[in-house]
Structures are given as C-alpha cells and as structure tokens.
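The structure appears below as structure tokens.
Residue numbers start at 1 and run along the sequence shown.
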Amino acid sequence: MATKEIEIKGIDPFLVFGVNDALLKILSDKFPIKIFARGNRIILTGDDLQIEQVNRVIAEMLLTISRKDYIDENDLNTLINVELGGQKQHQEITPDTVILYKKNGAIKPRSINQERYYRSTLHNDIVFGIGPAGTGKTYLAVAIAIAALRNHDVKRIILTRPAVEAGESLGFLPGDLKEKIEPYLAPLYDALHNMLPAEKFKNFTDQHTIEILPLAYMRGRTLNSAYVILDEAQNTTSMQMKMFLTRLGANSKAIITGDITQIDIPDKKRSGLIEAKNILNHIDGIDFIYFDHSDVVRHRLVKEIIKAYNGENTGK
C-alpha cells in the first residue's frame, strides 16, 4: 500500500475539495483508495496505479479551476470518465510537476535541465540559470516567482535588468529616461502579461507588489520577503553583480539568468555573471544550472541557429 501527498499550490484548496469535501468524496467513490484533506494538502493512500490515476485527475481539476475559476461535479465526473476510459490526457501533467496554473493551461518544465532548474529553486535561495536564448530561463523564473507570491511564500516580486545597448545607443532613443529604459524591460513585461490577467497585473504593479526596474535602481535597497529576478546578467559588471546579490534580505530568494555568449558590455572578460560562476560555485544555498540547445522551446529554427553559431553541424 502506497501513500502520496499532493500540495495544492496557487489555487484555493476549498475549490478543489468542494463544499464539505464533496468533490473529494466523488473521487473516493470512483477510485478505491483513501483520500484525506489536510490544510492545503491531499493525502492519497492505496494502490500505486489508482493513486496515479487520482493524481492525474486532480491535475486536470486544477487546470479546470485555473480556466473557469471553479469546478463543479459535472466537470469532475467528465475528468474521471476520461481517466477511467483510458483516453490520453491532453498534457501529461501532475500537480507536483506544474510550476504555475494560468488561464490557458499550466506552466511546467519541458526538458531535463528545466526540471533541474525548477527543483533547484525549491531548495536553494540563489539559483543561476546560464544558457542560450530560448531555453526558458527568464520565462520559468517569472513563473516560479509568481507561484511563490500566490502561495504566500513571498510578499512581492522584483524583476530587473541592466540597461545595456545591444548595438544601439540608449542616448539617442526618443523620450524621457523612463521611456528610454522601458524597451529594455519588455521581455519581463511579456512574461508577466502571459501569466497574469491584465487587471491583476495592473493591481500588482500599482501596489508595488510587482516591480520592474533597471538594475541601477536596485542600489541601496534591502529586499525582505521578496523574489528577485536578475535577467540578462551577462551584461552586469563585477560591482553590479555584487551589489545585486547583497540586496537580498530576510526570507528572500533570487534567480539570475544570462547567456555568456551574448555579452554586450565593452569588456566581455569582466562580466559579472562569468565572475560569479567562477567564485560562488562552492557556497551552500547557491546553485548553477546550465542550459544548452536541447532545452530550446521557441521556434524550431532557434535550436538550429544556436547550433550553427556554435560551429556545430546542423545536418546540411
């Protein structure tokens, strides 16, 4: 007899349990295992195969709630019939592999290195994600931070990037300082808009629950109960990286992402990211996860482009 514990993350457990645990009782009637609710956890005890079936149904329940904001008995019975009928689920997901539920589905790791990245953030306070474009470093980091905010593990999210020109001149861009800097932060806005409804995003930013700002604006701050993400870290100097890492206060976590093959600062050898990976890799609580072209999740050609620039044979 096996036992499995499922933590309900980012969704009100009451919606999953139902009034007086009515939805869990339906599951118990359909599957001959014991199902108990404890706080935000569901405990399953019984046969391994049936536990995994219920695990998959609960994952689909969470997806349904994320789309509709609720699930009723008819919805649940449909999901159970699909599972018992042996039809393949549209995604092979379970609650413990999903990072974040959103309106149009679930965000989960899609490669071995992405899985390592996610798991590392659960066990370390500072995680570096290093690798080429398109490997999900920033997108997953934002999802991980939003999940932590929803679960009340942190009280706010800070996202930052160095404002460094990639061949263009910042000084000649039109507008005031805010308008000049905003394009550099666009990838962070893109990720957030993909994961949060527009009204929720506006409320979070208006209340400074989520802040998106250039790295220079981090100086002098101490960030408590926050998830802090530094993107494009390859374009930091040694002093900027040290400044960022020493902003962390009590109950805070950080993810630093970057691609050391795309350094835009003049002295590439003095990149703060390169220095950090050389001098911090022995510290307990800091982890480094490395991505490669096999982790690319953008357009299929991005993987081939990265391989070509690395001098690898693309098959032609």
Does the side chain of N235 reach to within under 4.5 Å of the side chain of R161, using non-hydrogen atoms?
no
Scan side-chain atoms only and decide if D259 and Q262 contain a donor-acceptor pair under the 3.5 Å cut-off.
yes
Test salt bridge (charged side-chain N to carboxylate O under 4.0 Å, His left out) on R221 and E211 and set out the steps.
CA-CA 13 Å; R221 302 184 67 178; E211 292 185 68; 3.0 Å; yes
Counting only N and O atoms by type, is there a donor-acceptor contact under 3.5 Å from the side chain of S66 to the main-chain atoms of L63?
yes
Backbone of K277 reached by a side-chain donor or acceptor of N281 within 3.5 Å
yes
Give a yes or no answer on whether the side chain of N124 reaches the backbone of I126 with a donor-acceptor pair at less than 3.5 Å.
no
Check whether any side-chain heavy atom of K155 sits under 4.5 Å from a side-chain heavy atom of T209, and report yes or no.
no
Do L245 and I279 share a hydrophobic cluster, counting only Ile, Leu, Val, Met, Phe, Trp and Tyr and linking them when any side-chain heavy atoms are less than 4.5 Å apart?
yes
Main-chain N/O of I274 paired with N278 side-chain donor or acceptor, under 3.5 Å:
yes
Using distance alone, with no hydrogens and no angle criterion, decide if D75 and T64 have a side-chain donor and acceptor under 3.5 Å apart.
no
Out of curiosity, D231 CG to I212 CD1, how far, rounded to the nearest 0.5 Å?
11.5 Å
Side chains of I256 and V127 in contact at under 4.5 Å (non-hydrogen atoms):
no
Hey, are the side chains of V57 and L27 touching, using non-hydrogen atoms and a 4.5 Å cut-off?
yes
Centroid separation under 6.0 Å, is that true for the rings of F128 and Y290?
no
Could you check E232 against Q234 for side-chain hydrogen bond (donor to acceptor under 3.5 Å, both in side chains), going step by step and ending with a plain yes or no?
CA-CA 5 Å; E232 296 289 323; Q234 75 274 7; 2.6 Å; yes
Would you indicate whether the side-chain heavy atoms of T121 and Y227 approach each other to under 4.5 Å?
yes
R41 (side chain) donor-acceptor with A37 (main chain) under 3.5 angstrom:
no
Is it true that R119 and E115 make a salt bridge, defined as a side-chain N closer than 4.0 Å to a carboxylate O?
yes
Derivation and outcome, side chain to side chain contact (heavy atoms under 4.5 Å, CB included), residues T236 and F244
CA-CA 10 Å; T236 61; F244 173 82; over 6 Å; no
Please lay out, stage by stage, how D287 and H123 fare under the test side chain to side chain contact (heavy atoms under 4.5 Å, CB included).
CA-CA 9 Å; D287 195 17; H123 302 294; over 6 Å; no
Residue pair N194 / K102, side-chain donor-acceptor N/O under 3.5 Å
yes
S252 (side chain) donor-acceptor with S225 (main chain) under 3.5 angstrom:
yes
Would a distance-only check, ignoring hydrogens and angles, find a side-chain to backbone donor-acceptor pair under 3.5 Å from D295 to T135?
no
So do the side chains of V142 and L159 get within less than 4.5 Å of each other, counting heavy atoms only?
yes
Hey, quick one: are I283 and F288 part of the same hydrophobic cluster, counting side-chain heavy atoms closer than 4.5 Å, chains of contacts allowed?
yes
Assess the side chains of S111 and N113: does a donor N or O sit below 3.5 Å from an acceptor N or O?
no
If you measure from CD on Q53 to CD1 on I58, what distance do you get to the nearest 0.5 Å?
12.0 Å
